[in-house]
Amino acid sequence: TGNSPANLTVRTAHSINEIDRELWDRLSAGRPFQSHRWFQFGERVMDDCEPIYLLAYQGDELIGRAALWTIHNEPLPIGPGIW
């Protein structure tokens, strides 16, 4: 039936440019730090990190998403007093 989990498809992408801008921005509902353009900016400034986007589709409609980043050299906020 129309909204059953059987019609749910999960896909992955490794660049925001692989994802349809209109579908992404429709889900963002005008929130600027969730926009397609914001994630394009993020990919440029974090060019040493790998983005992974998990995308949930109901038919051809994007209904959910998660953005994850693989960060290889994450600086740890450990001060000298801890050691």
Side-chain angles (χ1 to χ4, degrees):
T1 63
N3 291 328
S4 74
N7 294 330
L8 184 69
T9 304
V10 177
R11 300 178 192 150
T12 60
H14 294 280
S15 172
I16 192 67
N17 295 317
E18 297 173 26
I19 305 164
D20 182 273
R21 177 186 304 264
E22 184 179 321
L23 291 177
W24 183 276
D25 285 343
R26 189 177 314 137
L27 195 57
S28 298
R31 292 183 295 273
F33 297 113
Q34 294 295 316
S35 71
H36 195 274
R37 186 176 167 122
W38 178 255
F39 279 88
Q40 284 180 318
F41 172 73
E43 287 185 17
R44 282 194 308 273
V45 298
M46 296 177 60
D47 64 347
D48 60 336
C49 303
E50 179 187 5
I52 303 165
Y53 301 95
L54 300 176
L55 309 160
Y57 289 88
Q58 189 93 48
D60 291 331
E61 187 68 24
L62 181 62
I63 61 167
R65 64 179 186 227
L68 310 164
W69 297 80
T70 301
I71 302 174
H72 299 285
N73 294 310
E74 179 78 24
L76 296 176
I78 298 175
I82 293 177
W83 299 107

**Message:** My understanding is that only residues two or more places apart in sequence, or in another chain, count here; which of them pass ring pair (Phe, Tyr, Trp, His ring centres under 6.0 Å) with W38?
**Reply:** F33, F41
**Request:** Check I16 against H36 and note the closest heavy-atom contact, atom names and distance.
**Result:**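 That closest heavy-atom pairing would be O-NE2, 3.0 Å.
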**Request:** Provide the closest heavy-atom pair for W24 versus Q34 in the form atom of the first, atom of the second, distance.
**Result:** NE1-O, 2.7 Å
**Request:** Drop me the distance from E43's CD to W69's CH2, to the nearest 0.5 angstrom.
**Result:** 4.5 Å
**Message:** Please report the interatomic distance OG1(T70) to CD1(I52), rounded to the nearest 0.5 Å.
**Reply:**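 Going from the OG1 atom of T70 to the CD1 atom of I52 covers 3.5 Å.
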**Message:** Are I63 and L8 packed together at the side-chain level, in the sense that at least one heavy-atom pair is separated by less than 4.5 angstrom?
**Reply:**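 They are in side-chain contact.
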**Prompt:** Quick one: side chain to side chain contact (heavy atoms under 4.5 Å, CB included) partners of A13, sequence neighbours excluded?
**Reply:** E18, I19, Y53, L55
Side-chain donor-acceptor contacts of residues 44-51 below 3.5 Å, not counting sequence neighbours, with atom names and distances?
unit_1 : atom_1 : unit_2 : atom_2 : d
E50    : OE2    : H14    : ND1    : 3.1

**Message:** Under the rule for side-chain hydrogen bond (donor to acceptor under 3.5 Å, both in side chains), what residues qualify as partners of S35, not counting sequence neighbours?
**Reply:**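 With neighbours one apart ignored, the set is empty.
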**Request:** Verify the distance criterion only: is there a donor paired with an acceptor across the side chains of R37 and S28 at less than 3.5 Å?
**Result:** no
**Message:** Taking salt bridge (charged side-chain N to carboxylate O under 4.0 Å, His left out) as the cut-off, I'd like each qualifying pair that reaches into residues 23-34, sequence neighbours left out, listed once.
**Reply:** E22-R26, R26-E61
